[in-house]
Amino acid sequence: MKAAEQVLSLATRAVHSGEPERRPGAPITTPVYHSSMFLTGELGRYDDIHYIRSSNMPSHTAVARKLADLEGAEAGLVTASGMAAIVPSLLVALGRGGHLIAQSTLYGGTHSFVTHDLPDFGLSSTFIDATNPAGWESALRKETKAVYVEALTNPRLEVADLPGIARFAKAHGLVSIIDSTFATPVNLRPIELGFDLVIHSATKYLNGHSDLVAGCVVGRSALIEQVRHKLIHLGGNADPNACFLLQRGVKTLALRMAAQNEGALQVARWLERHPKVAKVHYPGLPSHPQHERAKGLFQGFGGMMSFELEADASQADAFLRRLRLVVHTVSLGGVETLATRPAATSHASLSAEERAKAGIPDGLIRLSVGIEAPADVIADLEQALAGA
Ligand SMILES: *Cc1c(COP(=O)(O)O)cnc(C)c1O
């Protein structure tokens, strides 16, 4: 088993890594211990105390090991939510008085934390266009400590110059952090590109079944230990039941992503030909502005896309109400195809002008393609568009 470990594919490791040691009588899945603490053994270091908030129970370490393995990272930490991975990672990377360079189109919760909460901690930030290196240097300050980007942006699915960002961080001694939620380790492995910390909202693709909230961060052991210690103070540990469900969900990640990569490509190609669709944003389409970059970076283009209807807000909402199979809701990454209107949900707090500037018209629909037969998803979109 040991010698062959290096050559096992990601699909195989998603099933087997982090699972209990094989010995007669051992369980084949990691049990959930409904116990807040474990008996103290050798009274040694603080870290020898096993307490749920310390994220060092078997449920935590098993799933963290699996996720670190899939990303090719030394260590991992599972957290209560995606935000519970993002916040301590930023606080650790920035330290005291640090300055952050961040991609301008971040996930709403992250954008809000960077804009509204970092200053309360005496920390500052500058937003950049991460798709284009011109302007990165001028964002640098002597107190700059970290750079933060996302694998694909929401809802326009822009692809940043990710290898460029990792090199820029190395050249200036910055901690590089990427939120890879939209890509998953099936489609992108940021550690191989040189990123220091890779974060996921495991609520999305990693779990994949729209039935829990969790997050993770992976990277070098020393850095992950610092993040874990920050998380202990923030109280953002994952619940062992969530760990169990997440560990089960991840086992089928490769299968689900293969179906979602393929299904989304079919749906995007179909939508692009539809007369009532003005524009489709999907990195797998040659019409996408960073299609060539996406081809070089990603193993698959993922399940996320957005498309523009020639419609005002109420007409676009009527389209969403006509959907029968596709679920009209926020969030993403589940086995079921989900649709939402970003102007009314994720980007509702922006003014109409800010949304126009960000390229988020009222008629923009975001789709998270699930694992249903693509023909059924297309048929549902077709009947809903027919009424438009
Ligand atoms: C959902 C999401 C988050 C936040 O994750 P939670 O699990 O809801 O805390 C962060 N980043 C991205 C890209 C997301 O989609």
Side-chain angles (χ1 to χ4, degrees), residues 55 63-64 67 71 76-91 100 102-117 130 148-160 162 165 177-188 190 195 197-218 227 231 234-239 241-243 245-246 249-250 253 257 260 264 281 283 298 301-306 329-334 338-340 342 345-349 358 360 366-370:
S55 300
V63 70
L67 294 172
E71 289 286 6
L77 174 70
V78 61
T79 60
S81 66
M83 288 308 298
I86 291 165
V87 168
S89 297
L90 281 172
L91 293 180
L100 175 72
Q103 188 169 15
S104 57
T105 47
L106 295 179
Y107 170 75
T110 312
H111 192 276
S112 180
F113 178 74
V114 167
T115 311
H116 300 294
D117 298 315
Y148 187 103
V149 295
E150 292 178 357
L152 286 155
T153 68
N154 177 40
R156 289 175 62 91
L157 287 307
E158 288 168 352
V159 185
L162 300 175
I165 287 282
I177 310 174
I178 182 169
D179 177 336
S180 199
T181 300
F182 278 31
T184 84
V186 174
N187 287 341
L188 180 73
F195 278 89
L197 290 175
V198 184
I199 290 173
H200 289 274
S201 166
T203 313
K204 317 292 170 56
Y205 288 104
L206 294 185
N207 177 59
H209 292 74
S210 311
D211 55 11
L212 64 78
V213 59
C216 75
V217 50
V218 306
V227 178
L231 188 73
L234 295 172
N237 61 281
D239 173 83
N241 283 301
C243 293
L245 286 173
L246 174 57
V250 174
L253 177 67
M257 288 314 294
Q260 281 161 311
H281 305 278
F298 299 122
F301 301 110
M304 300 302 300
M305 73 184 69
S306 59
T329 182
V330 296
S331 199
L332 59 116
L338 312 171
T340 181
T345 54
S346 54
H347 294 73
S349 63
I360 302 166
R366 191 191 72 181
L367 213 54
S368 167
V369 175

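Both ligands and their constituent atoms are indexed starting at 1 by order of listing.
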Would you check, one step at a time, whether the test side chain to side chain contact (heavy atoms under 4.5 Å, CB included) holds for Leu246 with Leu67?
CA-CA 10 Å; Leu246 174 57; Leu67 294 172; 4.2 Å; yes
Derivation and outcome, side chain to side chain contact (heavy atoms under 4.5 Å, CB included), residues His347 and Asn154:
CA-CA 10 Å; His347 294 73; Asn154 177 40; 4.0 Å; yes
Using the rule given for side chain to side chain contact (heavy atoms under 4.5 Å, CB included), can you reason through Met83 versus Thr110, listing the C-alpha separation, both sets of side-chain angles and the distance that settles it, and then say yes or no?
CA-CA 7 Å; Met83 288 308 298; Thr110 312; 4.1 Å; yes
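For the pairing with Tyr148, the side chain to side chain contact (heavy atoms under 4.5 Å, CB included) check across Leu197, Ile165, Asp179, Ile178 returns one residue only, Asp179. The side chain to side chain contact (heavy atoms under 4.5 Å, CB included) test with Cys216 singles out one residue from Leu206, Ile199, Val250, Leu77, and that residue is Leu206.
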I'd like the atom pairs linking ligand 1 to the protein - N or O on both sides, separation under 3.5 Å - with distances to 0.1 Å.
unit_1	atom_1	unit_2	atom_2	d
ligand 1	5 (O)	Ser201	OG	3.0
ligand 1	7 (O)	Gly82	N	2.8
ligand 1	7 (O)	Ser201	OG	2.8
ligand 1	7 (O)	Thr203	OG1	2.6
ligand 1	9 (O)	Gly82	N	3.0
ligand 1	9 (O)	Met83	N	2.9
ligand 1	11 (N)	Asp179	OD2	2.6
ligand 1	15 (O)	Lys204	NZ	2.7

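For the pair Val159 and Phe298, the minimum side-chain heavy-atom distance is below 4.5 Å.
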